[in-house]
Amino acid sequence: MKNLETARTRVEELRALIRENDRHYWLEAAPQISDQEYDRLYRELKDLEAEHPQLVTPDSPTQRVSGAPLEEFAQITHRTPMLSLDNTYSEAEVVEFFRRMIRLLPSETIRTVIEPKVDGVAISVFYKNGRLQYAATRGNGTVGDDVTQNVRTIRTIPYSLQGLAPDEVEIRGEVFFPKKAFRKVNEEREQAGESLFANPRNAAAGTLKQLDSRIAAARGLGVIFYGFGYYSGSELSSHQESLARLAEWGLPAPVKTWKAESPEAVIEAIKALDEIRHDLPYETDGAVVKVDDYQQREALGYTSKAPRWAIAYKYQAERAETQLLSIEVQVGRSGKLTPVANLSPVLLSGTTVSRATLHNGEEIKRKDIRVGDHVLIEKSGEIIPAVLEVVLARRTGHEKRFEMPSKCPSCGEPVVQTPGQIDVRCVNVECPEQVKRRLEHFAHRGAMDIEGLGTMMVAQLVERGLVRRVDHIYALDGEALGGLERMGKKSVRNLLDAIEASKKQPMWRLVFGLGILHVGATAARELGDFFGTLDALRKASLEELQKAPNTGDVVAQSIRDWFDNKDNQDLIEALRRHGLNFGKGEEAAKVDDRLEGKTWVITGTLSEPREVFADLIRSHGGRVAGSVSGKTDFLLAGEEAGSKMEKARSLNVRVVNEEEFRQLIG
Ligand code: IVH
């Protein structure tokens, strides 16, 4: 019994810690602990609940993820309709909106509140006696989809409201895909050979529509609430009071809002929001201007679609005009042919853009894009630069139409287009470009992390016929490498060392590196944890695969297909002969991620061997490289640092000594 009591205390502690950190993360956008630390707390709670099922409560953070996929979404009728907003891109129209209200209420001071327009998916969450009942999308405004299962996976949506709650209340807000999570999911989709989400809004909508809520849980959606629908016995009299009420109940509301009592002040607020909105954790596409006072709102009334007391000012997505110089067709790892626009370089949203994806041949036809055309390109926030349209007025008649090739531009084999599909593929597994992409993927830092085996090296190895399959990397020797361009003795040694070291990588990195369709880094890690060895994974039946976390039918089938393929079986056996680690392997324990994304180079004489410092850097999430380049963030320099120091200085790389380094990692 004592055991149970100890567990109960710890479970409550953990729940409180998790909720508190959810709040720091989502409400204040100021996480106090690392993601790893958070996951650790979460896992401890899960384990304790598994050990003592009687301690599980419906409001535990672990109960947000439910297992069984739905067949389809039920429909829910909103208590009060979900209206939309009038939109404008023009400051003059915002001013006119305000002036009209002054004309309608001439003797009153009109106070407006300005808040971010979150670019996500509108949601209505219904609480009865303070307990969450259901969540629905906007749908047609009257009836929406029941997305409760997915919404319950959102960490900041509590099962119970804090404090005094009314009998019934509909809470309105926007579900969004956090920018950071968006970059991550797209990176993973790319590496898993899946199509990318065009922007965080599409990603949020796509995630809410998943019938299997484990997918939503893994992706980490967020939410911001901004008001109410039906609210029984509401005594609220202003928007500001409403936002305060949301906060009292423990719900995430906009972190920053502005007040304005004149048209000029509204415009100022819109500009102030524009200054800071890029720092918000979610994508915003505008400012919403709302009358604060509820009596004034009633007096101003509604049109059939939207209130007359609010307007959305939309910020212009940044666009630029440039010339399409050529169209290059790239062959991906899985053989997919993608046309890419080479553009005359142009500055857009703070970065120089010289390439944009054209997605596929259909897209080029639909937009009638020709080589030599002047085109408008668009990029806003996280959106991938895209060619919006052709500037027809600048067409001279000398532009050239473009056709997708009928033969692979790399190996010359005929390409294949499955009927009903847009994508065109090269199905030759020995196609040099595909081989190069597969090798690059295998060696890149997220997978086997073989330093020195980048794009250039891979190209040389494939073009000289030294490597046609990933296992051939492990047969390379000093003689073969010494014959390559710019490969002195030292570079050869370094590369051979890196290749040798990669054999010890944990098995999930190998699984990821193999490039199995739908198996990104996260999935590979989970498969590694679940199966423990490559052989267990290789032999797992479809049913067994489906039992692994986040592995649905499609992923399980893809893994099975991969291992059932004879060539792949040969590859696995060859890798085994080369002595690669097929078990979990060791990874330096991660302490925190304060050096996340930073590349370090170590030089000179330090108080301990370099490997000690390299491990320290890795344990704080950083990466260690052998030579200083444009990608280096820091040089850790000991006594008698030589040429690396000079190079770092010339490239403006930050140089730190041992003491400063120790301060940096705390
Ligand atoms: S108020 C009756 N406030 O924008 C007015 N909407 O274009 C209800 N949105 O459907 C909307 N952020 O999904 C409001 N701070 C915000 C918002 C916001 C995003 C969305 C919402 C609405 C759409 C209208």
Side-chain angles (χ1 to χ4, degrees), residues 26-27 78-89 93-94 97 101 112-125 135-145 147 151 154 169-178 199-202 204-205 208 221-231 234 236 238-240 242-247 251-260 266 269-270 272-274 276-277 280-294 296-298 300-315 317 380-381:
W26 294 112
L27 297 185
H78 303 299
R79 295 288 181 94
T80 41
M82 289 179 81
L83 300 179
S84 61
L85 289 172
D86 284 334
N87 276 331
T88 179
Y89 284 94
E93 282 183 23
V94 174
F97 156 78
M101 296 196 297
T112 56
V113 176
I114 293 92
E115 60 192 29
K117 185 168 189 310
V118 183
D119 197 10
V121 180
I123 196 87
S124 178
V125 183
T137 61
R138 182 171 179 277
N140 61 11
T142 310
V143 180
D145 283 335
V147 288
V151 166
I154 300 175
V169 61
E170 279 179 321
I171 304 173
R172 301 280 161 84
E174 197 87 353
V175 167
F176 62 86
F177 213 112
N199 56 52
R201 181 169 34 78
N202 287 355
L208 275 185
L221 295 173
V223 71
I224 292 287
F225 290 108
Y226 48 68
F228 299 107
Y230 178 75
Y231 185 156
S234 166
L236 293 171
S238 74
H239 186 57
Q240 293 190 75
S242 297
L243 296 182
R245 178 64 46 88
L246 291 169
L251 296 169
V255 188
K256 182 140 180 56
T257 60
W258 287 259
K259 278 166 265 177
V266 171
I270 286 175
L273 169 58
D274 196 18
I276 62 129
R277 68 193 185 98
L280 295 171
Y282 42 82
E283 196 78 21
T284 51
D285 61 344
V288 184
V289 185
K290 301 172 175 175
V291 169
D292 189 31
D293 185 278
Y294 281 3
Q296 289 181 346
R297 284 190 179 185
E298 286 317 305
L300 292 163
Y302 299 80
T303 66
S304 64
K305 286 203 317 261
R308 287 206 180 84
W309 45 260
I311 195 166
Y313 173 83
K314 303 252 271 181
Y315 298 107
S380 95

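Start at 1 and go down the list; that is how both ligands and their atoms are numbered.
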With backbone taken as N, CA, C and O and side chain as the heavy atoms from C-beta onward, which portion of Arg172 lies under 4.0 Å from ligand 1: side chain, backbone, both, or neither?
neither

Yes or no: does Lys290 have any heavy atom under 4.0 Å from an atom of ligand 1?
yes

Would you call the rings of Trp309 and Tyr302 parallel, tilted or perpendicular, taking 30° and 60° as the class edges?
perpendicular

For Asp145, which residues count as a salt bridge (Lys or Arg N to Asp or Glu O under 4.0 Å) partner, sequence neighbours excluded?
none

Out of Glu115, Lys117, Arg297, the nearest non-hydrogen contact to atom 4 (O) of ligand 1 is supplied by Lys117

Structural part of Val288 in contact with ligand 1, heavy atom criterion under 4.0 angstrom:
side chain

I'd like to know if the side chain of Arg79 and the backbone of Tyr230 have a donor-acceptor N/O pair within less than 3.5 Å.
no

For atom 24 (C) of ligand 1, which candidate among Leu85, Ile311, Thr80 holds the nearest heavy atom?
Leu85

Within the structure, does Arg138 bring an N/O atom to less than 3.5 angstrom of an N/O atom in ligand 1?
no

Taking atom 13 (O) of ligand 1 as the reference point, the nearest protein heavy atom with its distance:
Glu174 OE1, 2.4 Å

With heavy-atom distances below 4.0 Å as the criterion, list the atoms of ligand 1 near Pro307.
2 (C)

With distance as the sole test, does Glu170 use its side chain to make a donor-acceptor pair with the main-chain N or O of Ser124 at under 3.5 Å?
no

Considering only heavy atoms from C-beta outward, does the side chain of Phe228 approach that of Ser242 to under 4.5 Å?
yes

Which residue from Tyr282, Tyr302, Tyr226, Trp309 reaches closest to atom 14 (C) of ligand 1 through any of its heavy atoms?
Tyr226

Is the shortest distance from a heavy atom of Gly227 to ligand 1 less than 4.0 Å?
no

Please classify the Pro116 to ligand 1 contact at 4.0 Å (heavy-atom distances, strictly less than): side chain, backbone, both or neither.
backbone

Would the distance check show the side chain of Thr112 and the main-chain N or O of Ala260 forming a donor-acceptor pair, the cut-off being under 3.5 Å?
yes

Does any N/O atom on Val118 come nearer than 3.5 Å to any N/O atom on ligand 1?
yes

Between the side chain of Asp119 and the main-chain N/O of Pro200, is any donor-acceptor distance below 3.5 Å?
no

Contact region, Ala122 to ligand 1, non-hydrogen atoms below 4.0 Å, reads both

Are the side chain of Tyr315 and the backbone of Ile270 linked by a donor-acceptor contact shorter than 3.5 Å?
yes

Under a 4.5 Å cut-off applied to non-hydrogen side-chain atoms, are Met82 and Arg172 in contact?
yes

